[in-house]
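Because the structure is a prediction, the values reported are computed rather than measured. Here, residue 1 is the first one in the sequence, and each next residue gets the next number. First listed ligand is number 1; within each ligand, the first listed atom is number 1.
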Amino acid sequence: MSIRPIIEPFRIKSVEPIRSTTREQRQKLIEEAGYNLFLVDSEAILIDLLTDSGTSAMSTEQWAAMMRGDESYAGSPSFTRFRNSIQSIFGFRHVIPAHQGRAAERILFNVMCKKGDIVPNNTHFDTTRANCEFVGAQAVDLPIPEAREPAHLHPFKGNMDTARLTELIEREGAKKIPLVMLTVTNNSGGGQPVSLANIRDVKQICKKHGIPLYLDACRYAENAYFIKLREPGCAAKTPREIAREMFSYADGCTMSAKKDGLANIGGFLCTNDDALAQQEKDLLILTEGFPTYGGLAGRDLDAIAVGLNEALEEDYLHYRIASTAFLGNHIAAQGVPIVQPPGGHAIYIDARAFLPQIPVSQFPGVALAVELYLEGGIRSVEIGTLMFGEHATMDLVRLAIPRRVYTQSHIEYVVEVILDGWRRREKISGYQLVHHAPFLRHFTARLKPLSR
Ligand SMILES: Cc1ncc(COP(=O)(O)O)c(C=O)c1O
């Protein structure tokens, strides 16, 4: 297969050294970390693909904007620039800043949900699920059936199953469903996009039953670009026009600016509902800060204001999506089972298919993530039985690509390390959990190898 190399649409002005370790050093470090890559110091990582969240390289324009940041407690012009930038893309009446996505989620669910409620989503991200369950509501995932089959090719695998949504609303009653959410792109489901048609259909169902629709908008720009590439009739539209249309069907959104905000921290909550916005701002003051900064520095608000626009530039999106696909297509060409087609921000390896000898109860995703670290100093993350417990339907290893950080040669190195692991896959064995916390256990869990 001929896969064309990607030219990064930027040049490098400031460099950050990364360090190699030996396999023996990594063996010791991972053992000390209880075989949990979250507990390994980043200085002992060569290529860090743990997350694309908060790990972006900022542009010269963003650094310049940070210098303009105004740190006034109330009514800062940085907030005005932040709000204007968001409203020009997202179009919502109220913009409520928060220190990151989960803070927006916590406020949203506290204000909109109560015990016994149900919140459908294509697939809840782990913090979304945890925040929803924390207020006593039930987080229900309704992906299309194709999303559960990693090898299945579908242009919009992030879509929600609208028949199941209708059936859920009719069975439970609209009163128990305070909102429906759509995560764009669907992170836990493989970084797969949601089509405009699906957003429109979900909105119609919601409207019929008087239920508001919220987007979890973290990767809205990548989702918009996939729509441009794949949805009939959208090729001539700009990513900005598509993003505007996506949001036009929603009543609000949560956003982690650490993804398509191209910022290192920040988030926001939007709504068109005046009464809800008031309650949300009241709660914001209690835990995040005054509504014109929401736990962020003025300079962060300015960096986000610029980053949200840069994320919609076509040159950038072309490189971003092509670079991720380069990694996915190269390993898939050698037989490595990945979630197909490659997602926007990450490649997800199907660990159950990669390591069929390891039962689900022995965390095949953890086993593969540890192997990639031992083999090449690469940090990835398990999205499966360790992260979701009994809710896990797949065991994936996510290789999330930080935005504008790694070059083509870094990506080629990652391809080589994965292929080395693939060649010696039969020698890899499973893990046993020895400690875990009641919520979001993957962050702090400790494990031990079963036999080595
Ligand atoms: C889809 C999705 N929603 C919500 C969040 C939470 O955002 P944050 O990490 O900024 O709290 C994330 C973070 O990875 C995410 O991917």
Side-chain angles (χ1 to χ4, degrees), residues 38 48-56 86 96-110 119-134 139 141-143 147 157-160 179-194 199 214-224 226 246 250 252-270 284 287-288 294-296 300-301 303-304 307-308 311 324 339 343-348 379-383 387-388 396 398-403 439-440 442-443:
F38 278 104
D48 204 345
L49 307 183
L50 179 68
T51 178
D52 63 320
S53 178
T55 51
S56 305
I86 294 167
I96 300 169
H99 78 273
Q100 60 184 88
R102 70 197 69 185
E105 291 166 357
R106 190 190 67 82
I107 290 169
L108 177 74
F109 293 132
N110 258 277
V119 181
N121 200 329
N122 45 358
T123 310
H124 288 85
F125 183 65
D126 59 350
T127 60
T128 325
R129 170 173 290 281
N131 273 297
C132 180
E133 290 173 351
F134 195 70
D141 293 339
L142 300 175
K157 248 176 157 176
N159 283 355
M160 179 178 268
L179 73 157
V180 170
M181 292 189 85
L182 275 176
T183 304
V184 297
T185 58
N186 186 2
N187 184 358
S188 310
Q192 301 291 330
V194 180
I199 302 176
Y214 275 66
L215 297 190
D216 176 339
C218 297
R219 299 177 180 83
Y220 73 97
E222 290 169 8
N223 200 95
F226 276 123
M246 284 161 55
C253 74
T254 54
M255 172 78 190
S256 167
K258 299 170 73 176
K259 285 84 172 173
D260 278 351
L262 293 172
N264 302 122
I265 195 67
F268 52 88
L269 171 59
C270 291
L284 186 84
T287 55
E288 292 282 305
L296 292 169
D300 295 325
L301 297 170
I304 295 167
L308 289 168
T324 308
V339 173
H345 67 295
I347 292 301
Y348 295 68
R379 174 151 65 178
S380 54
V381 66
E382 185 252 26
I383 298 196
M387 186 179 275
F388 293 122
L396 304 176
R398 186 186 72 179
L399 302 146
I401 323 282
R403 293 169 180 78
F439 298 108
L440 300 174
H442 53 289
F443 288 126

Do Asn121 and Arg129 pass the side chain to side chain donor-acceptor pair (under 3.5 Å) test, and can you show the C-alpha distance, the side-chain angles, and the key distance before you say yes or no?
CA-CA 10 Å; Asn121 200 329; Arg129 170 173 290 281; over 6 Å; no

So Glu222 and Thr324, side chain to side chain contact (heavy atoms under 4.5 Å, CB included) or not? Walk me through it.
CA-CA 11 Å; Glu222 290 169 8; Thr324 308; over 6 Å; no

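The heavy atom nearest to atom 4 (C) of ligand 1, considering only Arg102, Glu105, Met255, is found in Glu105.
Looking only at side-chain heavy atoms (C-beta outward), Ile265 and Leu296 come within less than 4.5 Å of each other. Looking only at side-chain heavy atoms (C-beta outward), Met160 and Leu182 come within less than 4.5 Å of each other.
Residue-environment remark: CZ (Phe134) stays at or below the threshold of 12 foreign heavy atoms within 6.0 Å.
Considering backbone and side-chain N/O atoms, Lys259 comes within less than 3.5 Å of an N/O atom of ligand 1. Below 3.5 Å of separation, one finds no N or O of Lys258 facing any N or O of ligand 1. Distances between N or O atoms of Asn187 and those of ligand 1 include at least one value under 3.5 Å.
No option in Thr127, Asn131, Thr287 other than Thr287 meets the side-chain hydrogen bond (donor to acceptor under 3.5 Å, both in side chains) test with Arg106.
Which parts of ligand 1 touch Gly101 is read off a 4.0 Å heavy-atom cut-off, strictly below it: atoms 7 (O), 8 (P), 10 (O), 11 (O). In summary, the atoms of ligand 1 found under 4.0 Å from a heavy atom of Arg219, numbered by their order in the structure, are 1 (C), 15 (C), 16 (O). With ligand atoms numbered from 1 in the order given, ligand 1 contributes 1 (C) to contacts under 4.0 Å with heavy atoms of Thr183.
In terms of protein heavy-atom proximity, atom 10 (O) of ligand 1 is closest to Ser256 OG, 2.7 Å. Nearest protein neighbour of atom 6 (C) of ligand 1, counting heavy atoms only, is Thr127 OG1, 3.4 Å. Nearest protein heavy-atom neighbour of atom 5 (C) of ligand 1: Phe125 CD2, 3.5 Å. In terms of protein heavy atoms, atom 3 (N) of ligand 1 is closest to Asp216 OD2, 2.7 Å. When hydrogens are left out, the protein atom nearest atom 8 (P) of ligand 1 is Gln100 NE2, 3.3 Å; that is the closest non-hydrogen contact.
Using modelled atom types and a 3.5 Å distance limit, the side chains of His345 and Asn187 yield a donor-acceptor pair.
A distance-only check finds no donor-acceptor pair linking the side chain of Asp216 to the backbone of His124 [under 3.5 Å].
Within the 4.0 Å heavy-atom cutoff, Gly267 does not count among the residues contacting ligand 1.
A salt bridge is absent between Asp52 and Lys259; no separation between the charged side-chain nitrogens and carboxylate oxygens falls under 4.0 Å.
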